S.K.: 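I'd like to ask some things about the structure below.
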Amino acid sequence: MSALTSEIRVRFAPSPTGYLHVGGARSALFNYLYAKHNGGKFILRIEDTDQARSTKESLKMMISDLKWLGILWDEGPDTDSLIDKGPYGPYKQSERLEIYKKHAEELLARGKAYYCFMSDAELEAEREKIKASGLHTHVESPYADGSIDEAQVRIANGDKAVVRFKTRELRKDYILKDLIRGEVKFPSDMVGDFVLLRSDGMPVYNFCCAVDDYHMKISHILRAEEHLPNTLRQMMIYEGLGWALPQFGHISLILDDDRQKLSKRKGAVACDQFKKEGYLPSAMNNYMALLGWSHPEDKEIMSLEDMKAAFTLERVHASGAVFDRVKLKWMNAQHLRALPNAEIWKLIAPFLQEAGLKLPTDSDWQQQSVETFKSYLEILSDAITLYTPLDDSKYEIFAESDETLKMETTKPVLQAWKELVTAHAKESFTEAEFLQIQDGVKDKTGQKGKNLFFPIRVALIGKPNGAELKILVPLMNKKSILARAEQALAKC
RNA sequence: GUCCCCAUCGUCUAGUGGCCUAGGACACCUCCCUUUCACGGAGGAUACACCGGUUCGAAUCCGGUUGGGGACGCCA
């Protein structure tokens, strides 16, 4: 493959140890957008070498979250069967152990790595000693220059050893040309002799990451800034194995209000959580994209397609971004309200059902109700509060109605309201019919403005503020309106 | 502590030496629409961290200071 036609290949490489975090989702998004903008391939690789923490359940959750967001991959485990697809598999690191082993041996043979027999206790003691001395925190292994043959004999006899990369002879600066940060200079002693293979033979992150990126022909590595120091280790591995470096770009971190790395302790950070609260994937993507990237024409509300078309690394910037839930919510409302009413109903229906609300099933009513409540909907779960007053079994008079109920003028208004509704010949009300009754109440009692509307609204939805009465009443029927009027009256 | 990264309104950002008396969005305030609330519309307040250079000219380039963050694992 010539340099001119070389394909853009990027990857998202999560470890399946829990749900998908918004930070991870944003990394996945950027990779995806970069691939799609450039006609390249987006690969999903599973970093499951930490057997203690990786689970199949987590993998399934992760995949379902990615699927929900619509960030789909060209190579990697199939979304349903989890069976790998693509020419550079397997895509799960736990199935690539032979490859890592082979390259570790290569490094060992070249004198770039060594077996280290230090015990946990020895490492701990060494770290304490170094900490006291102040300088850096790298453990110096006494085994760095040991004979490999002798080490292998010890291992054959049952001793446990890790394979470490030897950094101490690499006295130089490594220059990374980061696509987002420009030139970054790492002194080689920034890292100590890091572990390649654990004592049980499982590879460690930096090693399999480098090996896989090479074998999977990854051209661009776009990942979060926290990986910047790892990049030095990976550069050393590439160099040790004589491989050409891919391009790197380190995206800023997503921060919490207190400017620390976003963490689950401060509220929802799992995509799944946002899904459950009723955020739309399109809004999530839109919001995440704008954390560190901007549209060339400053567009704010965008679809995935808009973003694919406009995404370039030149517009990704390097400073951290605070995750603002308020703006996310606003953005969700924008995406939601742009949808047709029937579509919105389909989205809120599961939330209403989950809340146990019994509501009319005819689609005209459903769409009309969406039209009525739309401007109050920010996230799908808001529908529950909005629709609850429409279910007779859930009707209650809220505390915020107290003031209205205490007004002297309220009782006569409610009595007149009840009388006129009773006199109404049909079970349902059109907007005009309601207006007529309302005028009747006005004439009978001489009340207008708040004195008129607040009591009626309380008798309708249990609180003085909310949607416009004339569009609310046509969503209700006579029987329930009357029952509610009784209840409100009883509280006067 | 050591190394690395970052630095424009409260927040997300535009800005790549003159178009900047710094633009947009969220949030906030005022007004309009509306006999409520929400939506929508119009307006307002609010920022180039600091100090030195370079330059005719600096938010933009360079150096330093300060502040914030990240990494220092047989986690990823």
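Computed from a predicted structure; not experimentally measured. All values below were derived from every heavy atom in this structure, side-chain atoms included, with hydrogens, water molecules and symmetry-related copies excluded. Numbers restart at 1 for each chain; the letters A, B, ... are given by sequence-line order, proteins then strands.
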S.K.: Distances under 3.5 Å between protein N/O atoms and the N/O atoms of nucleotides 5-10 of chain B, please, pair by pair.
M.R.:
from, atom 1, to, atom 2, distance (Å)
B:C5, O2', A:R181, NH1, 2.2
B:C5, O2', A:E225, OE2, 3.4

S.K.: Looking at residues at least two apart in the chain, or sitting in another chain, which of them share a ring pair (Phe, Tyr, Trp, His ring centres under 6.0 Å) with A:W293?
M.R.: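 With sequence neighbours excluded, A:W293 shows a ring pair (Phe, Tyr, Trp, His ring centres under 6.0 Å) to A:F311, given in chain and number order.
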S.K.: Is there a donor and acceptor pair, one atom on the side chain of A:S375 and one on the base of B:A38, closer than 3.5 Å?
M.R.: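 Yes, the side chain and the base share a sub-3.5 Å donor-acceptor pair.
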S.K.: Short question: side chain of A:D306, backbone of A:S303 - any donor-acceptor pair under 3.5 Å?
M.R.: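 Confirmed, A:D306 side chain pairs with A:S303 backbone.
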S.K.: Select from A:D48 and A:F186 the residue whose nearest nucleotide in RNA chain B is closer to the 5' end of that strand.
M.R.: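 Result: A:F186.
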S.K.: With 3.5 Å as the limit, what N/O pairs link the protein to nucleotides 42-49 of chain B?
M.R.:
none

S.K.: Using ring pair (Phe, Tyr, Trp, His ring centres under 6.0 Å) as the criterion, list what pairs up with A:F165, not counting sequence neighbours.
M.R.: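 Here the qualifying residues are A:F194.
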S.K.: Taking only heavy atoms on the protein side, list every residue of residues 282-298 of chain A lying under 4.0 Å from any atom of RNA chain B, sorted numerically.
M.R.: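 Per residue number, the list reads A:L290, A:L291, A:G292, A:S294, A:D298.
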S.K.: Do A:F373 and A:L390 come within less than 4.5 Å of each other through their side chains, counting heavy atoms only?
M.R.: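 Yes - at least one pair of side-chain heavy atoms lies under 4.5 Å apart.
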S.K.: What integer distance in Å separates A:F248:CZ from B:A71:C1'?
M.R.: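 Result: 16 Å.
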S.K.: Give every residue pair that meets the side chain to side chain donor-acceptor pair (under 3.5 Å) criterion with at least one member in residues 277-289 of chain A, sequence neighbours excluded.
M.R.: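 Checked against side chain to side chain donor-acceptor pair (under 3.5 Å) - neighbours excluded - the pairs reaching residues 277-289 of chain A are A:S282-A:H335, A:N286-A:H335.
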S.K.: RNA chain B: A:K448 or A:V322, which has the more 5' nearest nucleotide?
M.R.: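 It is A:V322, whose closest nucleotide lies nearer the 5' terminus.
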S.K.: Could you check which residues of residues 162-172 of chain A get a heavy atom under 4.0 Å from RNA chain B? Sort them by number, please.
M.R.: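 When residues 162-172 of chain A is checked for heavy atoms under 4.0 Å from RNA chain B, the hits, listed by number, are A:V162, A:R164.
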S.K.: Categorize A:R53 for me: base, sugar-phosphate, or nothing, with a 4.0 angstrom heavy-atom threshold over every strand shown.
M.R.: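 Base contact.
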S.K.: Return yes if the base of B:A25 and the side-chain atoms of A:K327 contain a donor-acceptor N/O pair under 3.5 Å, otherwise no.
M.R.: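 Under the 3.5 Å cut-off, the side chain and the base do form a donor-acceptor pair.
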S.K.: Find the partner of B:G52: check Watson-Crick (N1-N3 plus N6-O4 or O6-N4) and G-U wobble (N1-O2, O6-N3) distances, both under 3.5 Å, and reply none if neither fits.
M.R.: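 Looking at the geometry, B:G52 pairs with B:C62.
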S.K.: Using a heavy-atom cut-off of 4.0 Å across all strands, would you classify A:S252 as base, sugar-phosphate, or nothing?
M.R.: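 The answer is nothing, as A:S252 stays clear of every strand by at least 4.0 Å.
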S.K.: Using a 4.0 Å cut-off on heavy atoms, which residues in residues 193-206 of chain A reach RNA chain B? List them by number, or say none.
M.R.: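 Of all residues in residues 193-206 of chain A, the ones placing a heavy atom under 4.0 Å from RNA chain B are A:V195, A:R198, A:S199, A:V204, A:Y205.
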S.K.: Give, ordered by number, those residues of residues 455-475 of chain A having at least one heavy-atom distance below 4.0 Å to an atom of RNA chain B; if nothing qualifies, reply none.
M.R.: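 The stretch gives A:R457, A:P464, A:N465, A:G466, A:A467, A:E468 as the residues lying under 4.0 Å from the strand, ordered by number.
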S.K.: Could you list the residues that satisfy side chain to side chain donor-acceptor pair (under 3.5 Å) with A:Y387, not counting sequence neighbours?
M.R.: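 Side chain to side chain donor-acceptor pair (under 3.5 Å) check on A:Y387 returns A:S369.
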S.K.: Would you list the pairs meeting salt bridge (charged side-chain N to carboxylate O under 4.0 Å, His left out) in which at least one residue belongs to residues 432-441 of chain A, sequence neighbours left out?
M.R.: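 Listed once each, the pairs are A:K426-A:E433.
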S.K.: Can you run down the salt bridge (charged side-chain N to carboxylate O under 4.0 Å, His left out) pairs that involve residues 43-60 of chain A, sequence neighbours left out, and say none if there aren't any?
M.R.: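 Found A:R45-A:E47, A:R45-A:D212, A:R45-A:D213, A:D50-A:R53.
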